[in-house]
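Single-structure report; data block below.
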Amino acid sequence: MRILPLKWLRIRILRRNTLLFLLFWLSLWILINTFLFVHKSFFSDRCTDEESQKILARLCYDYTDGAVAGNLCEDICVTRKLVYKHCLYYHKGKKVMQAEWQGSSIILKSKNYALSKSESHAFLDESEIQTLSDTELLVMVAVEVKNVLGLDLPNNTMMPVWNEKRKSLHWKAELTSMWSLFEQEEYLLFNLLQDFSKHVLQVIGTCGQFYAVEFLTAGHSWKQNLFSLEEVVGQCNSGQKRMRALLEIAVSFLDMVHQFENEFSHRLHLCDIKPENFAIRSDLTVVAIDMDMAFFEPKMRNILEQNCTSNQDCNFFDCFSTCDLKTYKCGAERENNNLQVICDKIFRHWFTRSIMGSTNSFPLQAELHKAVQQCARSTNKETPYSELYSLLRASQQQLQTRST
């Protein structure tokens, strides 16, 4: 009678050990796979010189093979006048590199590190391209721009006249390269706006899916003053000189806000506002250097108008709307605006009582500090722009008077 309980006890112990053994191997399997996934994700996006050189070598192979074209290809691949310096950013295929060209630093960018990652490599075969009329090409370009930017553009806005180029041996490469660039929203924005706005980067040239823009030093969110003023205006030995520079930069931010909201056919929304996405030219003009998250009104409305169960579902980075709990749809109209976010994420760090101390004092500093705080909490229904602009200009005049 005692043997049976002992037998069952051994069976229970065996089952428990087997279960523990299986749990151990399951945990080990999960741990190994998690490690491999993290390792692959981390190291596949490494920003290294070796990987960058391979990408440029692949680009030059495509150029030598007659697959791509562009005004910078010769200097990158043949004369080597465009010299690679180092990698700045590499994530999910997007590549940003610094290079030297004609004695100046420039930036090479592309959201596709290889032409094969673009839809343009399988765009059309040679015979189909040759039979396309200019009108058909214009329509195709207009449709692509509509898909990427959400805009209807005049036929002659982006597309050059190709009649003479059709006879060129590089016709397919030029069209393939153009299409690979048109797939990139940021390139289209820079290209469209550079003749109308001093607040966007100038496109210097292209090669295949890569485009080059001017090099400017970006801001830094971990620095108290956000931007390295010494690189722009020289050593700011006095508090008043630094404050004058900050006021001028703040005015330029407001000029940019006004232009983006009023001077284009559609309002341009900035949905990723942080110091790293802006730079300052030597004349203290603010420049948007990363516009991957910038959208004109038609596309912004399409992005926001999604299904929702709460307001949290209607947040798209720095752009948000509200959730209608009757229809469970986010409102298509943005509830905040570019100025509110700039006041919150940039101006509040500048116009604080600690920075605006006694050495920088001027009569309007308390009023300016209050206006910035109110602007950071404002909504679309409020219009703090005029008050803030007037205060900044008046503060500049007061500092100028004190220095004379």
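- Between Cys375 and Leu388, the closest heavy-atom pair is SG-CD2, 4.2 Å.
- A salt bridge between Lys345 and Asp318 is present, with a side-chain N of the basic residue lying under 4.0 Å from a carboxylate O of the acidic one.
- Counting non-hydrogen atoms of neighbouring residues, nucleotides and ligands closer than 6.0 angstrom, the CD atom of Glu382 exceeds 12 such neighbours.
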Arg244 and Glu248: salt bridge (charged side-chain N to carboxylate O under 4.0 Å, His left out), yes or no, with the steps?
CA-CA 6 Å; Arg244 283 199 300 271; Glu248 188 63 37; over 6 Å; no

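- Judged purely by distance below 3.5 Å, without hydrogens or angles, the side chains of Glu74 and Tyr63 pair a donor atom with an acceptor atom.
- Counting only residues at least two apart or in different chains, ring-ring contact (aromatic ring centres under 6.0 Å, His included) contacts with residues 272-303 comprise Phe253-Phe278, Phe295-Phe316.
- The two atoms that bring Glu276 and Ala218 nearest to each other are O-CB, 3.4 Å, heavy atoms only.
- Nearest approach of Leu268 to Met291, heavy atoms of both residues: CD2-CE, 3.7 Å.
- Of all heavy-atom pairs between Val203 and Gln194, the closest is N-OE1, 2.8 Å.
- For the pair Ile280 and Leu216, the minimum side-chain heavy-atom distance is 4.5 Å or more.
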Asn191 and Tyr211: CA distance, side-chain angles, deciding distance, side chain to side chain donor-acceptor pair (under 3.5 Å) verdict:
CA-CA 10 Å; Asn191 209 321; Tyr211 59 98; over 6 Å; no

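- When all heavy atoms of Tyr84 and Ala99 are compared, the closest pair comes out as CA-CB, 4.2 Å.
- Remark: SG of Cys314 is not found under 2.5 Å from SG of Cys308.
- Using cut-offs of 30° and 60° on the angle between ring planes, the pair His91 and Tyr89 is perpendicular.
- Cys319 has its SG atom within less than 2.5 Å of the SG atom of Cys271.
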Which is it for Val372 and Lys370 under the side chain to side chain contact (heavy atoms under 4.5 Å, CB included) test, yes or no, and what are the steps along the way?
CA-CA 5 Å; Val372 167; Lys370 181 181 177 182; over 6 Å; no

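- The backbone N or O of Leu364 lies less than 3.5 Å from a partner atom in the side chain of Gln398, making a donor-acceptor pair.
- Closest heavy-atom contact between Glu185 and Ala294: OE2-O, 3.5 Å.
- Contact of the Leu88 side chain with the Gln98 side chain is registered, since non-hydrogen atoms from C-beta on lie closer than 4.5 Å.
- Under 4.0 Å is where a charged nitrogen must lie from a carboxylate oxygen, and between Glu214 and Arg281 at least one such pair does.
- Counting heavy atoms from C-beta on, the side chains of Phe260 and Leu270 come closer than 4.5 Å.
- In this structure, Asn147 contributes its side chain and Val143 its backbone to a donor-acceptor pair below 3.5 Å.
- With 3.5 Å as the limit, one finds no donor-acceptor pair spanning the side chains of Lys85 and Ser105.
- Asn262 places a side-chain N or O within donor-acceptor distance of the main-chain N or O of His258, the cut-off being under 3.5 Å.
- Under the 4.0 Å criterion applied to side-chain N and carboxylate O atoms, Lys111 and Glu186 are not assigned as salt-bridge partners.
- Side-chain atoms of Gln209 and Ser110 form no donor-acceptor pair, as typed in the model, at a separation below 3.5 Å.
- Side-chain contact check for Asn336 and Asn380: no donor-acceptor pair (N or O, by modelled atom type) lies under 3.5 Å.
- In this model, a donor atom of one side chain and an acceptor atom of the other lie less than 3.5 Å apart for Glu297 and His269.
- Cys73 has its SG atom at least 2.5 Å from the SG atom of Cys60.
- One N or O on the side chain of Ser395 and one on the backbone of Leu391 form a donor-acceptor pair closer than 3.5 Å.
- A perpendicular orientation is assigned to the rings of Phe351 and Phe347, their planes being inclined by more than 60° (bins at 30° and 60°).
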Starting from the C-alpha separation in whole Å, work towards a yes-or-no answer on side chain to side chain donor-acceptor pair (under 3.5 Å) for Ser378 and Gln340.
CA-CA 6 Å; Ser378 65; Gln340 181 268 322; 5.9 Å; no

